[in-house]
Amino acid sequence: STQSTWADAIAKLDGTYIERKKPRDKKKRKHSATEESGKKKGATARHGKKVKHHDNMPNHILFVEHLPEDSDDNQQMLTVLFQNFQCFKEVRIPPGNKGIAFVEFDNEPAATHAMSNLQGFRVSSRHYLKVSYAKK
C-alpha cells in the first residue's frame with residue numbers, strides 16, 4: 001500500500017493523482033549503519049583511528065611513536081607526561097629519529113599503567129601518541 005499525503009488527496013480529487021512506490025524505510029538503514037559503526041568504535045583510540053594491539057611481550061620499556069618530528073621538545077614533553085606515573089625512570093630518543101622514543105619504568109606493571117593511560121594522547125594538532133611495549 002502507498003502512503004498518502006495531503007497533496008495526494010488533492011491530486012485524487014482533481015484527477016491528477018499518480019500512484020508512487022512506497023518510499024524505503026530510512027530508519028532501518030540508519031540503524032544498521034549505526035550498529036556497524038558501533039562495532040568499529042571498540043577498536044579505536046581517543047582520536048578515532050584504528051589502533052593495532054601491541055604484539056610485543058609486556059616489559060618495563062615502552063616504545064612511543066607518532067611524535068612531532070619538527071619539534072625539539074619531544075624529550076621534555078614526554079618526560080613531563082610520563083613522570084606523572086609511578087616508577088618512571090627516563091625517556092630516550094634515538095639520534096636522528098625524533099618521531100620515536102623509548103620510555104623506561106622500574107617495572108612492567110607501571111609501564112602498562114602508563115601505556116593504557118597515554119595511548120592515543122594528543123600531543124599536537126596532528127599527532128597522537130601510539131604506545132606499545134618495546135621489543136626485548
Novice: Determine, using the 4.5 Å side-chain heavy-atom cutoff (strictly less than), whether Leu78 and Ile61 are members of one ILVMFWY cluster.
Specialist: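 As far as the 4.5 Å side-chain criterion goes, Ile61 and Leu78 are not connected within one cluster.
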
Novice: Which distance, rounded to the nearest 0.5 Å, do you find between the NE2 of His66 and the CZ of Arg122?
Specialist: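 If we round to the nearest 0.5 Å, His66:NE2 and Arg122:CZ are 15.0 Å apart.
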
Novice: Can you tell me how far the CD atom of Glu104 sits from the SG atom of Cys87, to the nearest 0.5 Å?
Specialist: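 It is 11.5 Å, given to the nearest 0.5 Å.
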
Novice: Quick check: do Val123 and Leu129 have side-chain heavy atoms less than 4.5 Å from each other?
Specialist: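 Sidechains of Leu129 and Val123: in contact.
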
Novice: Please name all residues satisfying salt bridge (Lys or Arg N to Asp or Glu O under 4.0 Å) with Glu90, sequence neighbours left out, ordered by chain then number.
Specialist: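 Per chain and number, Glu90 pairs via salt bridge (Lys or Arg N to Asp or Glu O under 4.0 Å) with Arg92.
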
Novice: What's the separation between atom CG in Leu67 and atom OH in Tyr128, rounded to the nearest 0.5 Å?
Specialist: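 It comes to 14.5 Å.
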
Novice: Which pair of heavy atoms, one from Leu62 and one from Ala111, lies closest together, and at what distance?
Specialist: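 Shortest heavy-atom separation between Leu62 and Ala111 comes out as CD1-O, 3.5 Å.
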
Novice: State, to 0.1 Å, how close Ile93 and Ile100 come at their nearest heavy-atom pair, and which atoms those are.
Specialist: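 Heavy atoms of Ile93 and Ile100 come nearest at CG2-O, 3.6 Å.
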
Novice: Is the backbone of Ala134 close enough, under 3.5 Å, to the side chain of Asn59 for a donor and an acceptor to pair up by distance?
Specialist: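 Yes, Asn59 side chain to Ala134 backbone: donor-acceptor pair under 3.5 Å.
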
Novice: Going only through I, L, V, M, F, W and Y residues with side-chain contacts under 4.5 Å, is there a path from Phe82 to Phe63?
Specialist: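 No; tracing contacts between hydrophobic side chains, which count when under 4.5 Å, never links both residues.
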
Novice: Looking at OG of Ser116 and CZ of Phe85, how far apart are the two atoms once the value is rounded to the nearest 0.5 Å?
Specialist: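 Reported value, rounded in 0.5 Å steps: 7.5 Å.
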
Novice: Please answer whether the main-chain N or O of Pro68 pairs with a side-chain N or O of Asn74 as donor and acceptor at a distance below 3.5 Å.
Specialist: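 It does hold such a pair.
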
Novice: Which heavy atom of Ala110 sits nearest to which heavy atom of Gln86, and what is that distance?
Specialist: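 Smallest interatomic distance, heavy atoms only, reads CB-O, 3.4 Å.
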
Novice: If you measure from CG on Asn117 to CG on Asn84, what distance do you get to the nearest 0.5 Å?
Specialist: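 Interatomic distance, Asn117 CG to Asn84 CG, rounded to 0.5 Å: 10.5 Å.
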
Novice: Could you note down all residue pairs passing salt bridge (charged side-chain N to carboxylate O under 4.0 Å, His left out) where residues 72-82 supplies at least one of them, sequence neighbours left out?
Specialist: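 Listed by first then second residue: Asp72-Lys98.
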
Novice: Who pairs with Glu65 by salt bridge (Lys or Arg N to Asp or Glu O under 4.0 Å), at least two apart in sequence or on another chain?
Specialist: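 Partners of Glu65 under the salt bridge (Lys or Arg N to Asp or Glu O under 4.0 Å) test: Lys130.
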
Novice: Does Phe121 form a side-chain contact (heavy atoms from CB on, under 4.5 Å) with Val131? I'd like the steps, not just the answer.
Specialist: CA-CA 9 Å; Phe121 187 83; Val131 187; over 6 Å; no

Novice: What verdict does the side-chain contact (heavy atoms from CB on, under 4.5 Å) test give for Tyr133 and Met115, after you've listed the backbone C-alpha separation in whole Å, the side-chain angles of each residue and the deciding distance to 0.1 Å?
Specialist: CA-CA 8 Å; Tyr133 296 113; Met115 177 174 64; 3.3 Å; yes

Novice: Taking Phe102 as the starting point, is it possible to reach Phe105 by hopping between hydrophobic residues whose side chains are less than 4.5 Å apart?
Specialist: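 No, separate clusters.
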
Novice: Does atom CD (Gln83) have a neighbourhood of more than 12 heavy atoms from anything else shown, all under 6.0 Å?
Specialist: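 Enclosed: over 12 neighbouring heavy atoms sit under 6.0 Å from CD of Gln83.
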
Novice: Can you tell if the side chain of Val103 reaches within under 4.5 Å of the side chain of Lys89, non-hydrogen atoms only?
Specialist: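 With C-beta onward as the side chain, the pair stays apart.
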
